[in-house]
Amino acid sequence: MEEWGPAMTAPTGQPMPTDAPEHLASQRPHAAARLEDRWRALVSRFQKWRGWVPRVEPFTGYGTTTSVRILGRVLLTDPQYLAMERRHPRADRRGWRYFFTAPAPGERVFLAIGGVTAVVHSDRSGYVDTRIAVALDPGWHDVTMTSDSGAVAVGRVLVVAPGRRLGVISDVDDTVMVTSVPRVFLAAWNTFVRHTSTRVPVAGMATLYRELAAPGTLFVYVSTGAWNTAATLRRFLERHGFPPGPLLLTDWGPTNTGWFRSGREHKETTIARLISEFEDVHWLLIGDDGQHDPEIYAHAARHYPEHIAAVAIRELTPTQQLLSHGTPVPTPGSHRVFGTVPTVRAPDGERLAQALATALRLG
């Protein structure tokens with residue numbers, strides 16, 4: 001067990017948090033991942049030789065009154081850039097700048113929250129994803145994340161009170177933000193070239209979410225977008241008045257099993273995990289019919305009907321469908337049957353709100 005100073009060690013009697021699920025850690029990485037690891041090791045050595053230092057970029061975590069999930073990423077950073085970030089932390093930038101990062105694998109990170117401390121290591125892509133046992137009151141809490149270089153970052157963790165309540169699992173692209181994903185060239189323009197402040201919200205969705213945000217309602221935004229866009233999405237949600245909540249994104253690089261991660265698998269796995277972690281929460285699933293949300297939500301409705309309060313599908317216009325996937329009609333599978341789970345469809349937030357007012361009462 002590693003120590004953090006004489007009085008700040010990992011809690012006695014508690015297992016150290018793991019950096020990756022056991023079934024993933026035990027697999028031999030795909031050839032592309034091994035090649036990527038060798039390249040990153042070479043680049044990291046060069047950057048450290050140039051004086052770059054590790055820092056932690058915190059992501060929003062969540063948990064219960066007995067344990068929390070802490071998320072973040074360790075990146076190697078030029079000290080001059082780090083100084084500029086401190087002077088202008090909320091400067092608007094073109095999206096491509098968020099993708100030119102240098103992950104720092106295998107770096108120690110010291111965590112402190114609610115009087116409990118722990119030491120973890122970043123994974124092969126620099127990510128920290130760990131659960132720590134700690135007693136906390138419901139609400140927002142700070143978690144301090146310190147790298148070996150001494151750089152300190154403060155993240156946020158949302159603790160959900162026990163008891164029955166509504167939770168919202170929301171897609172992002174073309175559900176709350178107009179992105180025209182996955183059509184490659186338009187998506188690339190929206191993601192990499194446009195300034196973050198030019199992103200447009202889907203009409204009426206922020207108002208709908210605020211109406212759903214009764215005391216205790218949990219909001220989780222799940223997207224197949226890369227973690228590199230987390231800061232962009234968080235600022236977008238804040239700017240347009242969406243309720244705060246964790247963002248659960250993906251890493252676009254190679255994995256243990258292939259060149260790219262499965263976006264559908266990411267969403268299905270995330271929904272299943274949230275249902276298991278919050279057994280008292282009844283989830284409202286909100287997405288759009290431009291990608292695979294209806295199929296993913298139908299899968300959840302079949303497997304966990306007692307945990308799904310309702311499904312809301314935002315219907316794209318023929319033009320939006322064309323921009324999204326190349327045809328003016330919804331993708332096959334967009335009209336999946338959701339069993340006994342109440343389901344509503346509408347083209348915008350205002351009409352979804354009207355339909356949900358009835359569906360949630362019936363559900």
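Numbers here simply count residues along the sequence, with the first being 1.
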Quick one, [X] and [Y] - any side-chain contact, counting heavy atoms below 4.5 Å?
{"X": "T144", "Y": "V152", "answer": "yes"}
{"X": "H307", "Y": "V281", "answer": "no"}
{"X": "W227", "Y": "E57", "answer": "no"}
{"X": "I308", "Y": "I275", "answer": "yes"}
{"X": "M177", "Y": "T232", "answer": "no"}
{"X": "L233", "Y": "Y221", "answer": "no"}
{"X": "P138", "Y": "T65", "answer": "yes"}
{"X": "L111", "Y": "T130", "answer": "yes"}

Exercise. Taking 4.0 angstrom as the limit, do E315 and R351 come out as a salt bridge?
Worked result: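 Salt bridge between E315 and R351, a charged N being under 4.0 Å from a carboxylate O: no.
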
Problem set entry | Test: R314 and D171 ion pair at under 4.0 Å |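 No, R314 and D171 are not salt-bridged.
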
If you round to the nearest 0.5 Å, how far is [atom2] of [Y] from [atom1] of [X]?
{"X": "W283", "Y": "L166", "atom1": "CH2", "atom2": "CG", "answer": "9.0 Å"}
{"X": "R73", "Y": "D123", "atom1": "CZ", "atom2": "CG", "answer": "8.5 Å"}
{"X": "Y304", "Y": "I271", "atom1": "OH", "atom2": "CD1", "answer": "9.0 Å"}
{"X": "K267", "Y": "H292", "atom1": "NZ", "atom2": "NE2", "answer": "9.5 Å"}
{"X": "D288", "Y": "R345", "atom1": "CG", "atom2": "CZ", "answer": "11.0 Å"}
{"X": "E306", "Y": "E279", "atom1": "CD", "atom2": "CD", "answer": "10.0 Å"}

Minimum heavy-atom separation for [X] to [Y], with atom names?
{"X": "F219", "Y": "P244", "result": "CB-O, 4.0 Å"}
{"X": "F110", "Y": "D148", "result": "CE1-OD1, 3.4 Å"}
{"X": "I313", "Y": "L352", "result": "O-CD2, 3.8 Å"}
{"X": "P54", "Y": "L76", "result": "N-CD2, 3.8 Å"}
{"X": "V56", "Y": "A153", "result": "O-CB, 3.3 Å"}

Exercise. Under a 4.5 Å side-chain heavy-atom rule over Ile, Leu, Val, Met, Phe, Trp and Tyr, are L237 and W140 clustered together?
Worked result: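 Yes, because L237 and W140 connect within a single hydrophobic cluster, where side-chain heavy atoms sit under 4.5 Å apart.
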
For this session: Could you check whether the rings of H240 and F236 sit parallel, tilted or perpendicular, using 30° and 60° as the cut-offs?
Result: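 H240 and F236: tilted rings.
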
Exercise. So F59 and Y127, would you call those rings parallel, tilted or perpendicular, with 30° and 60° as cut-offs?
Worked result: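 Tilted.
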
Exercise. Taking it one step at a time, do I169 and T270 satisfy side chain to side chain contact (heavy atoms under 4.5 Å, CB included)?
Worked result: CA-CA 10 Å; I169 295 176; T270 299; over 6 Å; no

For this session: Please list, chain by chain and in numerical order, all residues satisfying ring pair (Phe, Tyr, Trp, His ring centres under 6.0 Å) with F242, sequence neighbours excluded.
Result: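 With sequence neighbours excluded, F242 shows a ring pair (Phe, Tyr, Trp, His ring centres under 6.0 Å) to Y209, given in chain and number order.
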
Under 3.5 Å, is there a donor-acceptor pair between the side chain of [X] and the main chain of [Y]?
{"X": "H282", "Y": "A310", "answer": "no"}
{"X": "H266", "Y": "L248", "answer": "yes"}
{"X": "D293", "Y": "I296", "answer": "no"}
{"X": "S122", "Y": "E107", "answer": "yes"}
{"X": "Y297", "Y": "I286", "answer": "yes"}
{"X": "T250", "Y": "G225", "answer": "yes"}

Exercise. Got a sec: does the CD of Q354 have more than 12 other heavy atoms crowding it under 6.0 Å?
Worked result: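 Count over threshold, so yes.
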
Problem set entry | Residue pairs fulfilling salt bridge (Lys or Arg N to Asp or Glu O under 4.0 Å) with at least one residue in residues 132-146, sequence neighbours excluded |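 Passing the test, one end in residues 132-146: D142-R156.
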
For this session: From the options T175, V178, L316, select the one residue that forms a side-chain contact (heavy atoms from CB on, under 4.5 Å) with V202.
Result: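 Running side-chain contact (heavy atoms from CB on, under 4.5 Å) over T175, V178, L316 with V202 returns exactly one hit, V178.
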
